[in-house]
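What you see below is based on every heavy atom in this structure, not just the backbone, and it leaves out hydrogens, waters and symmetry mates. Each ligand, and each atom within it, is numbered from 1 in the order the structure gives. Computed from a predicted model, the values in this text were never measured in an experiment.
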Amino acid sequence: MAQLHVIDHPLIQHKLSIMRNQNTGSKDFRQLLEEISMLMGYEVTRELPLEDYTIKTPLCTMNAKRISGKKLAIVPILRAGLGMVDGLLSLMPVAKVGHIGLYRDPDTHLPVEYYCKLPPDVANRTVLLVDPMLATGGSASDALTKLKERGVTDIRLMCLVGAPEGVKKIEEDHPDVPIYLAALDEKLNDHAYILPGLGDAGDRIFGTL
Ligand code: PRP
Ligand code: URA
């Protein structure tokens with residue numbers, strides 16, 4: 001069973017409430033999404049393995065720690081996932097960035113793929129798959145399948161707002177993938193939008209409402 005982590009730090013809750021407010025414009029929405037992504041990145045990377053190595057401080061030699069194991073890749077689901085990349089890169093500046101382009105068909109709500117470009121060595125990396133919204137879970141599930149087809153075995157899914165329906169789908173389709181959310185909302189509406197949610201994340205980030 002996938003592990004669900006809701007990262008409800010007060011700073012994240014405060015910033016997310018401003019994002020949800022319909023009066024918040026694109027500039028602030030983007031800024032807050034970047035800030036929350038950075039704060040969530042701190043928790044999402046908590047379990048990264050460490051190794052010892054020796055350094056010399058100005059005073060003596062010591063056994064220090066550094067991150068070991070697989071290198072990282074950040075993979076946003078286009079478009080809205082792009083808004084989470086810079087916050088994560090500020091924590092992990094040498095991570096590679098892949099892109100998976102999916103849009104939801106407005107009638108069926110099923111994801112349609114239109115782009116995929118991943119680092120050539122993605123199979124050897126720990127991948128953070130990012131998208132602000134986990135609604136039906138169709139887009140994230142397809143993106144996870146795509147990553148697994150490319151040989152990736154270590155994936156974490158990081159979203160801002162999730163619906164129970166989306167969490168259930170990922171738990172069923174990809175029980176090996178931990179899910180990180182800033183908030184687990186109530187339900188989906190008839191158009192498969194999250195309630196209370198924050199509206200259409202891509203449109204709010206890019207001002208295409
Ligand atoms: C949104 C969102 C997710 C998807 C979530 O993207 O960013 O990718 O919907 O819905 P799901 O869980 O039901 O699949 P959208 O299709 O609106 O495309 P956009 O990011 O280009 O606006
Ligand atoms: N995509 C969004 O951007 N928002 C939702 O609530 C659902 C899907």
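For ligand 1 and S139, the ligand atoms under 4.0 Å from any heavy atom of the residue are 4 (C), 8 (O), 11 (P), 14 (O). If you number the atoms of ligand 1 from 1 as listed, the ones under 4.0 Å from a heavy atom of Y103 come out as 16 (O).
Around the OH atom of Y53, the shell of radius 6.0 Å holds more than 12 heavy atoms that belong to other residues, nucleotides or ligands. Other residues, nucleotides and ligands place no more than 12 heavy atoms under 6.0 Å from the NZ atom of K96. Other residues, nucleotides and ligands contribute at most 12 non-hydrogen atoms within 6.0 Å of the NZ atom of K71. Atom CD1 of I67 has 12 or fewer neighbouring heavy atoms from other residues, nucleotides or ligands inside a 6.0 Å radius.
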*Taking it one step at a time, do V167 and L181 satisfy side-chain contact (heavy atoms from CB on, under 4.5 Å)?*
CA-CA 10 Å; V167 170; L181 300 176; 4.1 Å; yes
*Would you sort out whether D203 and R79 count as a side-chain contact (heavy atoms from CB on, under 4.5 Å), showing the intermediate values?*
CA-CA 9 Å; D203 283 345; R79 287 177 301 169; 3.0 Å; yes
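Of the N or O atoms in T136, one or more lie within a sub-3.5 Å distance of an N or O in ligand 1. In terms of polar-atom proximity, defined here as any N/O pair under 3.5 Å, D131 does make such a contact with ligand 1. On a distance-only criterion, G137 and ligand 1 share at least one N/O pair closer than 3.5 Å. Taking any N or O of P132, backbone or side chain, none lies under 3.5 Å from an N or O belonging to ligand 1. Ligand 1 has a nitrogen or oxygen under 3.5 angstrom from a nitrogen or oxygen of A135.
A salt bridge (charged side-chain N to carboxylate O under 4.0 Å, His left out) with K148 is found for exactly one of D173, D142, D154, D176, namely D176.
Regarding atom 21 (O) of ligand 1, its nearest protein heavy-atom neighbour is R79 NE, 3.0 Å. Protein heavy atom nearest atom 15 (P) of ligand 1, with residue, atom name and distance: R104 N, 4.2 Å. Residue, atom and distance of the protein heavy atom nearest to atom 17 (O) of ligand 1 are D200 OD2, 3.9 Å.
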Name each N or O atom in ligand 2 that is under 3.5 Å from a protein N or O, and give the partner atom and the distance.
unit_1: ligand 2; atom_1: 3 (O); unit_2: A201; atom_2: N; d: 2.8
unit_1: ligand 2; atom_1: 4 (N); unit_2: G199; atom_2: O; d: 2.8
unit_1: ligand 2; atom_1: 6 (O); unit_2: I194; atom_2: N; d: 2.8

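Residues E34 and R30 are not paired through a salt bridge, judged by the lack of any N-O separation under 4.0 Å between the basic side chain and the carboxylate.
Within a 4.0 Å radius of atom 19 (P) of ligand 1, the protein contributes one or more non-hydrogen atoms. Protein non-hydrogen atoms do reach within 4.0 Å of atom 4 (C) of ligand 1.
Between the CZ atom of R20 and the CZ atom of F29 there is a distance of 10.0 Å, given to the nearest 0.5 Å.
The minimum heavy-atom distance between I205 and A80, with the atom names listed, is CD1-O, 3.4 Å.
Using cut-offs of 30° and 60° for the angle between ring planes, the H5 and Y180 rings count as parallel.
E165 pairs by the salt bridge (Lys or Arg N to Asp or Glu O under 4.0 Å) definition with nothing, not counting sequence neighbours.
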